[in-house]
Amino acid sequence: MKLMAKTRNIGISAHIDSGKTTLTERILYYCDKIHKIEEVRGGGSGAKMDHMELEKEKGITITSAATTVWWNGTHEAGITECEGGGKDVRVNIIDTPGHVDFTVEVERSLRVLDGAILVLCSVAGVQSQSITVDRQMKRYKVPRLCFLNKMDRMGANHRRGVAALKEKLHHNAILMQLPIGAEDNFEGVVDLITMKAWYFDGSNGENVRIEEVPSNMLDEANAEREAMLDAVSAFDDEMMEKLLEGEEVPESIIHRAVRAGTLSIQMTPVYMGSAFKNKGVQPLLDAISRYLPSPLTSKAPTAIDANTSSAVNLEPTNDKPLVCMAFKITDEQFGQLTYSRIYQGVLQKGTQIYNSRTKKKTRVGRLVRMNSNDRENIDSAGAGDIVAMVGVDCASGDTFVADSDYTNISCEGIHVAIPVIELSIAAKDKDQQAKMAKGLARFLKEDPTFHVFTDEESGETRIAGMGELHLEIYVERLKREYKADVIVGAPQVNYRETIQIEANFDYTHKKQTGGAGQFGQVVGTIRPLTDDNKDREDQNFKFNNKIKGGAIPTEYIGACEKGMQDVMDKGPLAAFPLINVETFLVDGKHHDVDSSDLAFRIASRYAMRQAIAKANPILLEPVMKVEVETPDEYQGSVIGDLSSRRGIIQGSETNDQNETIINALVPLSEMFGYSTELRSMSAGKATYTMEFSKYDECPKNISEKVMKERAEKLAKD
């Protein structure tokens with residue numbers, strides 16, 4: 001229990017190019033995990049956490065990487081105010097990608113973490129992916145600290161960063177530090193709790209020097225400290241009483257209040273520095289130790305009992321039966337590597353464990369602690385830890401338990417976004433086909449947002465994912481890791497279909513062929529499934545059983561639901577999948593001899609088709625949230641171009657660098673090749689990010705064009 005109290009499971013997340021991996025690299029260095037700092041870009045062997053060749057080449061994180069460090073605190077006495085107290089706080093870190101195409105890596109990491117660091121660029125502030133990451137943190141109720149990075153950059157402004165946190169992300173953001181200097185003159189930070197100035201000396205900022213606050217900053221620091229204490233006191237009654245009575249508040253009480261506010265997710269402490277210039281990282285490590293939760297004080301983990309569909313509370317203790325979740329898998333030379341979070345019990349090398357999804361048992365042959373792509377063999381790991389099993393076959397999201405009596409227990413799943421883009425992919429010959437199939441099978445297993453399917457009409461193999469870069473990376477990995485010579489087709493948009501109005505169905509399936517026949521009647525309604533009547537944000541089909549009096553026996557209700565869901569795969573307009581449909585089965589008839597699962601499944605299929613045809617079906621297209629950052633002189637050209645792509649401009653703002661940030665919603669079908677166009681119109685100075693926002697109705701002319709092309713393709717095939 002003592003080790004668990006001194007454990008912090010954290011993730012580092014942010015918009016692309018905010019400095020997450022650089023920050024992680026410094027944390028590894030200051031915790032003596034590595035002895036030489038490597039940069040994300042530029043020479044050397046690349047950052048420790050970016051171990052894939054593609055990551056080193058492109059200078060971006062593609063896959064999340066895990067590591068474990070020990071932090072002794074900046075002061076010789078250690079950090080006595082943190083949970084667990086004293087020195088040697090164990091920090092399990094997951095460095096996640098910033099590019100939206102790999103957002104599932106952030107999603108599944110946050111699912112198993114207890115706390116997080118939200119990294120913001122102090123020049124750009126809150127950017128599009130910052131909003132997505134923040135939404136993911138809120139989805140899993142993860143307490144977080146904020147680190148304003150790049151304080152050495154021209155245009156760095158800590159106040160603008162805090163304002164953006166409050167206005168755009170609606171955080172109760174509270175400054176815990178002030179910068180000493182800014183941009184090229186950034187020297188260190190003032191700690192508003194201790195009222196001391198921190199400087200970072202040595203070639204890599206490893207020597208922390210603590211001095212008095214510079215005299216020219218004293219008035220500002222006192223004012224900011226007073227504002228900070230007033231805000232923090234809302235989370236501690238004793239602290240509020242002392243402030244009201246004009247007494248000095250002890251540091252230990254301030255730390256207690258900050259921790260309470262952070263754990264309640266009602267406060268975001270804000271720290272700052274420059275990871276690249278080796279400044280401000282050690283105080284952030286102190287804050288991680290002091291304010292972020294251990295597995296004992298984090299939000300209580302729960303699982304689902306498949307037998308009763310009720311929640312089961314898991315206890316972070318080694319004395320209970322094992323429950324752990326495989327949140328990420330990768331295939332390696334010596335077998336599958338399964339990253340696992342242990343929620344309860346002990347996971348031991350050599351023991352038998354059960355997969356609650358497959359009900360099969362497997363032996364844990366090897367257990368390792370990860371440091372990016374390096375690994376350390378261990379014999380066991382306890383509740384609250386994050387480790388990896390080698391050679392255990394499973395899928396991402398599977399739950400493992402101690403014995404067969406617990407296979408009804410399953411940890412809650414991970415939110416997985418719908419893929420919005422697809423490519424056709426083909427191998428040049430049978431030998432290449434085998435290599436391609438092996439690679440695709442691995443990627444499919446690793447990444448829930450990556451889909452592989454065969455087009456029934458054309459026989460083509462198609463891959464689908466979150467964006468062009470997402471699929472481009474997988475194609476490149478096929479060529480490099482599997483030596484598969486593949487031919488890639490043009491990107492295709494994943495359109496969807498839905499209904500607009502409520503419609504009734506009443507269908508009787510009757511077939512008599514001698515002997516037992518088939519009989520089943522289903523009666524009910526369908527209606528659009530809107531946000532108001534969804535109970536899950538990723539739900540696209542909802543079945544409601546309203547049968548009373550046994551008009552349809554209970555044993556056939558499941559067949560009715562399956563039959564209706566069968567129709568969701570192909571809509572009536574262009575054979576694209578249907579989404580956002582809710583069905584109500586209200587009446588029906590059965591026959592004692594002729595009714596069967598098959599009869600009711602067939603009846604339900606025809607009934608759904610009947611109702612959908614009457615419910616005004618429409619074609620939907622994926623709409624992307626696009627954020628363009630461009631020098632001011634190109635603003636007009638960029639906005640004009642986005643508008644010509646059927647984009648809706650949602651707003652723009654100008655930062656201190658005379659750069660304009662333009663936010664727009666643009667259909668995905670209009671965004672192919674946009675990076676080349678944007679570089680051309682801005683002399684290579686503008687950049688953009690894009691992520692899926694929603695499915696929206698296609699304009700009539702686009703809809704007719706898509707349906708015509710689809711019909712021609714299906715006829716041709």
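Sequential numbering from 1 along the given sequence is applied to the chain's residues. When reading the values below, keep in mind they use all heavy atoms of this one structure, side chains included, and skip hydrogens, waters and symmetry mates.
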Rounded to the nearest 0.5 Å, what separates atom [atom1] in [X] from atom [atom2] in [Y]?
{"X": "Leu169", "Y": "Cys146", "atom1": "CG", "atom2": "SG", "answer": "8.5 Å"}
{"X": "Lys20", "Y": "Leu118", "atom1": "NZ", "atom2": "CG", "answer": "10.5 Å"}
{"X": "Lys138", "Y": "His171", "atom1": "NZ", "atom2": "NE2", "answer": "4.5 Å"}
{"X": "Met267", "Y": "Arg259", "atom1": "CE", "atom2": "CZ", "answer": "12.5 Å"}
{"X": "Leu263", "Y": "Phe235", "atom1": "CG", "atom2": "CZ", "answer": "11.0 Å"}
{"X": "Leu296", "Y": "Met4", "atom1": "CG", "atom2": "CE", "answer": "5.0 Å"}

So [Y] and [X], do their side chains get closer than 4.5 Å, heavy atoms only?
{"X": "Arg111", "Y": "Gln136", "value": "no"}
{"X": "Ile180", "Y": "Val190", "value": "yes"}
{"X": "Glu376", "Y": "Val368", "value": "no"}
{"X": "Val628", "Y": "Leu678", "value": "yes"}
{"X": "Leu175", "Y": "Val162", "value": "yes"}
{"X": "Ile342", "Y": "Val387", "value": "yes"}
{"X": "Tyr688", "Y": "Glu627", "value": "no"}
{"X": "His255", "Y": "Tyr291", "value": "yes"}

Using modelled atom types only, decide if a donor and an acceptor are shared between the side chain of [X] and the backbone of [Y] within a distance under 3.5 Å.
{"X": "Thr338", "Y": "Ala326", "answer": "no"}
{"X": "Asp201", "Y": "Glu206", "answer": "no"}
{"X": "Thr297", "Y": "Pro293", "answer": "no"}
{"X": "Thr7", "Y": "Ser294", "answer": "no"}
{"X": "Gln336", "Y": "Val392", "answer": "yes"}
{"X": "Arg225", "Y": "Leu192", "answer": "yes"}
{"X": "Ser122", "Y": "Asn149", "answer": "yes"}
{"X": "Gln177", "Y": "Met272", "answer": "yes"}
{"X": "Asn185", "Y": "Gly181", "answer": "no"}
{"X": "Arg160", "Y": "Val123", "answer": "yes"}

Nearest atoms (heavy-atom pairs only) where [X] meets [Y]:
{"X": "Ser298", "Y": "Asp114", "answer": "OG-OD1, 3.3 Å"}
{"X": "Val126", "Y": "Leu165", "answer": "CG2-N, 4.0 Å"}
{"X": "Val232", "Y": "Ala257", "answer": "CG1-CB, 3.3 Å"}
{"X": "Lys150", "Y": "Ala156", "answer": "O-CB, 3.7 Å"}
{"X": "Leu120", "Y": "Gly125", "answer": "CD2-O, 4.0 Å"}
{"X": "Pro269", "Y": "Val258", "answer": "CG-CG1, 3.9 Å"}

Evaluate the criterion salt bridge (charged side-chain N to carboxylate O under 4.0 Å, His left out) for residue pair Lys277 and Glu187; output intermediate values, then yes/no. CA-CA 10 Å; Lys277 292 293 179 68; Glu187 298 179 49; over 6 Å; no

On the ring face of Phe200, is Lys279 found with NZ or CZ under 6.0 Å from the centre and within 45° of the axis?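 No, Lys279 does not sit over the ring of Phe200.
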
Could you walk me through whether Tyr343 and Met325 pass the side-chain contact (heavy atoms from CB on, under 4.5 Å) test, one step at a time? CA-CA 8 Å; Tyr343 286 107; Met325 178 180 176; 3.9 Å; yes

Glu211 and Arg209: salt bridge (charged side-chain N to carboxylate O under 4.0 Å, His left out), yes or no, with the steps? CA-CA 7 Å; Glu211 297 186 355; Arg209 174 167 49 94; 2.8 Å; yes

Is the shortest distance from a Lys or Arg side-chain nitrogen in [X] or [Y] to a carboxylate oxygen in the other one below 4.0 Å?
{"X": "Glu183", "Y": "Arg153", "result": "no"}
{"X": "Glu220", "Y": "Arg159", "result": "yes"}
{"X": "Asp134", "Y": "Arg144", "result": "yes"}

Yes or no on side-chain contact (heavy atoms from CB on, under 4.5 Å) for Ile253 and Asp236, after CA distance, side-chain angles and deciding distance? CA-CA 8 Å; Ile253 293 180; Asp236 192 287; 4.0 Å; yes

Asn216, CG atom: more than 12 neighbouring heavy atoms under 6.0 Å: yes

When you look at Asn92 and Ile94, which way does the side-chain contact (heavy atoms from CB on, under 4.5 Å) test go after all the steps? CA-CA 7 Å; Asn92 293 322; Ile94 298 182; over 6 Å; no

Tell me yes or no: between the side chains of Trp71 and Asp88, is some donor less than 3.5 Å from an acceptor?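 Asp88 and Trp71 do not have a side-chain donor-acceptor pair below 3.5 Å.
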
Can you confirm whether the side chains of Tyr474 and Asp447 place a donor and an acceptor under 3.5 Å from each other?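 Side-chain D/A pair, Tyr474 to Asp447: present.
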
Which one of Arg341, Lys6, Arg8, Arg90 satisfies the salt bridge (charged side-chain N to carboxylate O under 4.0 Å, His left out) criterion with Asp385?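 For Asp385, the salt bridge (charged side-chain N to carboxylate O under 4.0 Å, His left out) check succeeds only for Arg90.
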
Please report the C-alpha distance between Lys196 and Asp191 in whole Å, then the side-chain angles of each, then the deciding distance to 0.1 Å, and finally whether the salt bridge (charged side-chain N to carboxylate O under 4.0 Å, His left out) criterion is met. CA-CA 5 Å; Lys196 296 289 184 183; Asp191 184 324; over 6 Å; no

Asn172/Thr268 under side-chain contact (heavy atoms from CB on, under 4.5 Å): CA gap, chis, key distance, verdict: CA-CA 6 Å; Asn172 178 20; Thr268 304; over 6 Å; no

